[in-house]
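Numbering starts at 1 and runs along the sequence shown. As a basis for the values below, the full set of heavy atoms in this structure was taken, side chains included, without hydrogen atoms, waters or symmetry mates. Counting convention: from 1, in listed order, for ligands and their atoms alike.
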Amino acid sequence: MRNVLLVKYGEIATRGKNRYLVENRLIHTIIDRLEPYEGYRVYKEQGRLLVVNELHEFDYELVIPLVTVMPGVTAVCPCVETEDQSIENLRNIALEHCKEHFGDGPVTYKCETKRSNKKYPLTSREVSADIGGYILHNMENVSVDVHDPNFTVMIELRNNAYIYTKLIEGCGGLPMGTSGKATLLMSGGIDSPVAGYLTARRGVEIEAVYFDSPPYTSERAKQKVIDLAKRLAVYTGGIRLNIVPFTETQLYIYESVPPEKMTIFLKRAMLKAADKIAGENGSQALVTGDSIGQVASQTMHAINAIDSAAENFVVMRPLCAMDKQEIVDIARKIDTFEISTRPYEDCCTIFVAKHPETKPKKSLIEKMEKKMEKLDEYIETAVKNRQITDL
Ligand code: ATP
Ligand code: MG
């Protein structure tokens with residue numbers, strides 16, 4: 001008998017023969033993450049994964065936070081594993097487990113049994129009734145409620161038996177690296193880290209790009225982005241951040257276009273640069289934190305006029321249909337909100353127009369851009385001079 005962690009994952013079941021590849025990917029992600037800690041091993045157990053420690057007692061406080069943040073994990077359950085599936089042994093283990101987890105107050109519970117070991121002498125129903133009755137007779141302050149219990153005592157009979165009462169929700173989605181790669185345009189704001197998280201959650205590896213314009217943007221603004229990238233790395237298991245020096249490009253655009261069009265051209269230049277970086281790093285898409293109508297450069301007209309700047313890759317905007325509050329809720333959940341709302345002072349706001357255009361015409365923008373002869377050169381130099389950090 002020992003304490004182990006049962007890991008549940010979703011969606012993979014629907015993926016036919018790719019299933020084992022995806023399962024193995026998740027297994028390796030967990031193994032990598034637990035590598036610094038002694039004794040942890042991961043096994044497949046009929047549509048579940050099992051994390052065990054073969055050297056010493058399982059440290060749930062350490063392992064649960066590391067595993068629940070992994071894309072692909074729908075839930076984890078701290079549970080007791082036993083080889084001895086005799087009903088007497090199961091009764092005792094279930095009782096001890098309930099005593100440990102139910103707490104003091106009056107508690108309602110039900111027992112549920114899953115039996116993939118079809119040779120077992122009792123039916124699932126009989127096992128649940130037996131163990132449920134045993135708990136009732138041997139604990140105080142407990143009663144059975146089959147409809148809406150405080151606790152469901154799960155008994156799973158497989159090659160070994162597993163008993164647990166607690167289910168902790170995981171990140172959901174698909175295991176990292178099973179859906180290709182994307183380049184995320186990440187500013188220090190609330191939105192783009194959320195866009196990155198949602199994309200990573202679908203199993204997409206993320207590489208981040210930040211456009212830095214010192215002295216117009218401050219060192220502290222850059223530090224925010226670094227801290228945000230580190231935070232995203234908790235979910236992705238690591239992230240590469242490209243910091244692109246964009247001052248010259250930005251000044252060139254500033255000199256070349258009327259102020260109300262500045263943002264549109266700047267956003268296009270960012271997409272062009274990110275498109276080049278994506279081509280070098282093996283991405284299949286760009287990702288931004290745009291949300292329809294949130295600011296002037298995010299109206300449908302503006303998005304349409306900006307989008308064509310990315311020549312090679314599709315631009316994904318996972319937040320496009322979300323309200324700000326919904327985005328903020330996710331930012332709080334993934335602990336990026338505090339970092340994103342950290343105060344910082346940029347030295348100058350010359351690039352921000354008083355009345356930015358909200359209905360730019362794509363054809364006109366593209367025509368104007370063609371006349372900016374040095375733009376591509378500036379962008380190329382900026383991309384070449386980028387600073388790359390693995391976080
Ligand atoms: P965010 O909250 O992500 O900063 P925002 O609502 O402030 O977004 P904008 O500043 O208009 O909106 O930016 C829209 C998107 O463009 C961002 O979500 C991000 O993907 C990208 N972006 C903007 N500025 C930068 C930058 N300096 N570096 C990298 N990407 C940027
Ligand atoms: Mg922003």
Return yes or no for this condition: an N or O of [X] is under 3.5 Å from an N or O of ligand 1.
X: V287; answer: no
X: Y210; answer: no
X: Q294; answer: yes
X: G289; answer: yes
X: I190; answer: yes

> Which pairs pass ring pair (Phe, Tyr, Trp, His ring centres under 6.0 Å) with one or both residues in residues 93-138, sequence neighbours excluded?
Replying inline: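 Found H97-H101, F102-Y109, F102-F151.
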So if I count the atoms of ligand 1 from 1 in the order they appear, which ones are less than 4.0 Å from some heavy atom of [X]?
X: G189; result: 1 (P), 2 (O), 4 (O)
X: D191; result: 1 (P), 2 (O), 3 (O), 5 (P), 6 (O), 8 (O)
X: T288; result: 20 (O)
X: Q298; result: 5 (P), 6 (O), 9 (P), 11 (O), 12 (O), 13 (O), 14 (C)

> R268 and S308: which non-hydrogen atoms are nearest, and at how many Å?
Replying inline: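 So the minimum-distance heavy-atom pair works out to NH1-OG, 2.9 Å.
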> Where's the contact between S297 and ligand 1, heavy-atom distance under 4.0 Å: side chain, backbone, both or neither?
Replying inline: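 Just the side chain.
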> Taking heavy atoms and a distance under 4.0 Å, where does V209 meet ligand 1: side chain, backbone, both or neither?
Replying inline: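 The part of V209 near ligand 1 is the backbone, not the side chain.
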> Does a side-chain N-to-carboxylate-O contact under 4.0 Å join K110 and E112?
Replying inline: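 Looking at K110 and E112, the cut-off is met.
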>> I want to confirm something. Looking only at heavy atoms, which of M186, M270, K324 is nearest to atom 29 (C) of ligand 1?
In response: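 Heavy atom nearest to atom 29 (C) of ligand 1 belongs to M186.
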> For atom 21 (C) of ligand 1, which candidate among L185, L184, V295 holds the nearest heavy atom?
Replying inline: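 Shortest heavy-atom distance from atom 21 (C) of ligand 1: L185.
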> Do you know which of I365, V257, T358 makes side-chain contact (heavy atoms from CB on, under 4.5 Å) with I264?
Replying inline: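 Among I365, V257, T358, the one that satisfies the side-chain contact (heavy atoms from CB on, under 4.5 Å) with I264 is I365.
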>> Tell me if the centroids of the rings in F58 and Y60 come within less than 6.0 Å of each other.
In response: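 Yes - the distance between ring centres of F58 and Y60 falls below the 6.0 Å cut-off.
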> Are any of the side-chain heavy atoms of E207 and K181 separated by less than 4.5 Å?
Replying inline: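 Of all side-chain heavy-atom pairs linking K181 with E207, at least one is under 4.5 Å.
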Scan the side chains in residues 220-234 for donor-acceptor partners under 3.5 Å anywhere in the protein, sequence neighbours excluded, and list what turns up.
residue	atom	partner	partner atom	Å
R220	NH1	E345	OE1	3.3
R220	NH2	P343	O	3.1
Q223	NE2	D227	OD1	3.1
K224	NZ	S340	O	2.9
K224	NZ	R342	O	3.4
D227	OD2	R342	NH1	3.0
D227	OD2	R342	NH2	3.1
R231	NE	I334	O	3.1
R231	NH2	Y235	OH	3.4

>> So does A161 get a backbone contact from the side chain of T82, meaning a donor-acceptor N/O pair under 3.5 Å?
In response: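 A pair under 3.5 Å: no.
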